[in-house]
Amino acid sequence: DYARYMADNSPKELGGQLHSYLSITHGLVDLAMATGEKKYLDQAIKIYHATLPYLWINGVVPEHVGVFEHRDESCALVDWILLLSKLYDATGEAHYLDTLEFCTVNGLLFNQHNNGGFVTYRSVDRHKWMSDHNRGVDHDHCCTMHGGIGITYATAHIVTQSAEGLSVNLPLGADVSLKQNGKDVKLSQKIDVKPTVLVQKIHIKNSGKKPLSIKVRVPYWCDSPALQVDGKKKPLKIKDGFINLSCKGKSEQNIEMTLPMKLVVIPARKNILTLDTAGAPGKAVEEGLQYGPYALMFFREMYKEVKERHLSVTVPLENGRPIMSQKLPEGWRAAGSVPLLIKAKLGNGADVWLTPGANSTMMQFSVVDPYVFRFAKVTVSK
């Protein structure tokens with residue numbers, strides 16, 4: 001009754017400090033699941049859609065609603081991940097996993113300091129700066145008081161279980177051991193990032209006598225996936241964002257999804273998930289780039305001689321694809337990095353390499369404004 005009282009008297013429109021509001025919102029999902037009262041789930045879904053336009057180009061949410069890509073806060077991102085996880089649990093709808101993947105692969109890693117702490121007070125807004133260095137403030141705590149469990153929710157949703165079987169939801173490495181109908185089931189997933197494709201390799205061992213249902217989500221960023229089961233090509237039948245397979249009883253199975261990556265120009269005040277919308281309010285005109293699941297940045301740690309704040313980039317294509325390298329720069333930590341570099345030219349003609357924003361934690365920051373996600377102009381040269 002007290003939970004209903006709080007929910008019924010909470011603000012019905014998005015506003016204010018986002019992580020406090022999102023804490024209320026994923027509590028609404030808990031309340032809906034506990035009571036069966038759909039109005040609380042509907043309210044949470046409404047807040048989800050109201051928040052989505054404010055999602056940064058790299059999967060981070062701001063500290064306050066109404067200011068786009070300016071002043072981040074890890075606490076809000078953790079609450080957002082909790083909300084996405086709970087909305088998927090409540091509805092089974094794949095688009096919540098699309099958002100969860102985007103924010104986990106990009107935003108969660110970007111919001112970690114290179115020493116592992118939480119980061120706040122950073123920006124990818126090209127016009128507003130929280131400090132001269134814009135590197136953020138490193139904390140070893142999270143003011144939501146549940147930062148750790150938020151990260152755990154993302155991990156626990158790589159693979160989920162139902163009465164029918166398993167659902168592979170996110171293209172992230174995992175090893176899972178569980179019971180299905182009292183029998184052991186083991187699933188391992190390995191991710192191989194190549195220059196033009198991301199390969200998702202899944203191995204399943206079903207110790208039970210009954211067939212095991214396996215759902216595999218097709219990522220939002222891939223238009224032309226290819227499927228192999230035990231080394232044989234299989235036709236793809238996608239339903240509600242998933243392909244449906246079955247692993248026979250007392251057997252093992254290898255599933256391989258080959259997911260071609262493409263380069264997408266992200267318009268001003270939008271992210272990869274809001275391309276077909278009006279976008280966030282504001283006057284900013286800068287554009288960005290995403291390659292497959294990865295938001296791309298110009299990393300000044302690689303080019304300390306570049307002092308300009310407002311940069312333009314041109315990405316040349318060869319045979320319709322960007323020019324790629326997987327050789328990591330000297331001094332980077334290899335463990336945890338995304339081995340992708342995309343060739344580009346600055347407005348002054350200088351050759352540079354762009355890299356996923358998830359790589360921002362691979363070294364200590366030593367320059368002013370170490371990351372640029374929004375460019376004055378983006379050109380793709382055919």
**Request:** Consider only side-chain N and O atoms of Q200 and E256, and report whether a donor and an acceptor are under 3.5 Å apart.
**Result:**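 No, no side-chain donor-acceptor pair sits under 3.5 Å.
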**Request:** Evaluate side chain to side chain donor-acceptor pair (under 3.5 Å) for T160 paired with N169, printing each intermediate quantity in order.
**Result:** CA-CA 7 Å; T160 53; N169 301 321; 2.9 Å; yes
[X] versus [Y], closest heavy-atom pair with distance:
X    : Y    : result
V29  : K86  : CG1-O, 3.7 Å
L275 : V265 : CD2-O, 4.5 Å
G173 : I191 : N-CG1, 3.8 Å
L227 : P235 : CD2-O, 4.2 Å
I158 : A174 : CG2-CB, 3.8 Å
A94  : G241 : CB-CA, 4.3 Å

Listed by chain and number, what are the ring pair (Phe, Tyr, Trp, His ring centres under 6.0 Å) partners of [X], not counting sequence neighbours?
X    : answer
H64  : none
W80  : Y48
F102 : none
F298 : Y303

**Request:** Check which hydrophobic residues are tied to V197 through side-chain heavy-atom contacts below 4.5 Å, counting indirect links as well, and list them.
**Result:**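 Members alongside V197: V199.
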Compare all side-chain heavy atoms of [X] with those of [Y] and state whether any distance is below 4.5 angstrom.
X    : Y    : value
M257 : V218 : yes
M363 : R333 : no
V372 : R300 : yes
N206 : K250 : no

Quick one: salt bridge (charged side-chain N to carboxylate O under 4.0 Å, His left out) partners of [X], sequence neighbours excluded?
X    : result
D125 : none
E101 : R217
K38  : D42
E37  : R4

**Asked** Partners of P329 by side chain to side chain contact (heavy atoms under 4.5 Å, CB included), sequence neighbours excluded?
**Response**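 So P329 forms a side chain to side chain contact (heavy atoms under 4.5 Å, CB included) with M302, W332, L341.
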**Request:** Output all residues satisfying side chain to side chain contact (heavy atoms under 4.5 Å, CB included) with L109, sequence neighbours left out; order by chain, then residue number.
**Result:**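 For L109, the residues satisfying side chain to side chain contact (heavy atoms under 4.5 Å, CB included) (neighbours in sequence not counted) are A358.
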[X] side, atom [atom1]; [Y] side, atom [atom2] - distance, nearest 0.5 Å:
X    : Y    : atom1 : atom2 : value
L178 : D184 : CG    : CG    : 8.5 Å
E252 : K186 : CD    : NZ    : 10.0 Å
L77  : H19  : CG    : NE2   : 12.5 Å
L263 : L317 : CG    : CG    : 7.0 Å
S23  : L82  : OG    : CG    : 8.0 Å
L22  : I81  : CG    : CD1   : 11.0 Å

Does any N or O in the side chain of [X] come within less than 3.5 Å of the main-chain N or O of [Y], such that one atom is a donor and the other an acceptor?
X    : Y    : answer
E93  : D240 : no
S123 : E69  : yes
Q189 : I202 : no
N271 : L52  : yes
N359 : T355 : no
T120 : D72  : yes

Would you list the atom pairs, donor with acceptor, under 3.5 Å between side chains in residues 276-294 and any protein atom, with sequence neighbours excluded?
from: T277; atom 1: OG1; to: T274; atom 2: O; distance (Å): 2.8
from: T277; atom 1: OG1; to: G279; atom 2: N; distance (Å): 3.2
from: E286; atom 1: OE1; to: H127; atom 2: NE2; distance (Å): 3.4
from: E286; atom 1: OE2; to: H127; atom 2: NE2; distance (Å): 3.0
from: E287; atom 1: OE1; to: V378; atom 2: N; distance (Å): 3.1
from: Q290; atom 1: NE2; to: Y220; atom 2: OH; distance (Å): 3.2
from: Q290; atom 1: NE2; to: G292; atom 2: O; distance (Å): 3.1
from: Y291; atom 1: OH; to: P195; atom 2: O; distance (Å): 2.6
from: Y291; atom 1: OH; to: R321; atom 2: NH2; distance (Å): 3.3

**Message:** side chain to side chain donor-acceptor pair (under 3.5 Å) for H203 and Q253? Distances and angles first, verdict last.
**Reply:** CA-CA 6 Å; H203 178 77; Q253 188 176 77; over 6 Å; no
**Request:** Starting from the C-alpha separation in whole Å, work towards a yes-or-no answer on side chain to side chain contact (heavy atoms under 4.5 Å, CB included) for F110 and S360.
**Result:** CA-CA 6 Å; F110 178 78; S360 64; 3.5 Å; yes
**Request:** Determine the interplanar angle of the Y371 and F373 rings, folded into 0 to 90°, and report it as parallel if under 30°, tilted if 30 to 60°, perpendicular if over 60°.
**Result:**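 Geometry flag for F373 against Y371: tilted rings.
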**Request:** Starting from the C-alpha separation in whole Å, work towards a yes-or-no answer on side chain to side chain donor-acceptor pair (under 3.5 Å) for Y88 and D98.
**Result:** CA-CA 10 Å; Y88 170 69; D98 294 343; over 6 Å; no
**Request:** With side chain to side chain contact (heavy atoms under 4.5 Å, CB included) as the test, would you mind laying out the steps for S74 and N111 before giving the verdict?
**Result:** CA-CA 6 Å; S74 292; N111 263 50; 3.0 Å; yes
**Request:** Could you tell me whether D175 and K190 make a salt bridge, using a distance below 4.0 angstrom between a side-chain N and a carboxylate O?
**Result:**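 The answer is yes: the pair qualifies as a salt bridge.
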**Prompt:** Should the pair R309-D369 be classified as a salt bridge under the 4.0 Å nitrogen-to-oxygen rule?
**Reply:**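 Looking at D369 together with R309, the answer is no, because their closest N to O distance does not fall below 4.0 Å.
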**Request:** Step by step, work out the side chain to side chain donor-acceptor pair (under 3.5 Å) result for S366 and E301.
**Result:** CA-CA 7 Å; S366 61; E301 293 293 343; 2.8 Å; yes
**Request:** Mind running side chain to side chain contact (heavy atoms under 4.5 Å, CB included) on L83 and L87 for me, showing each step along the way?
**Result:** CA-CA 6 Å; L83 175 61; L87 285 174; 3.8 Å; yes
**Asked** Crowded around E318 CD? As in, over 12 foreign heavy atoms under 6.0 Å?
**Response**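 At most 12 heavy atoms, drawn from other residues, nucleotides or ligands, come within 6.0 Å of this atom.
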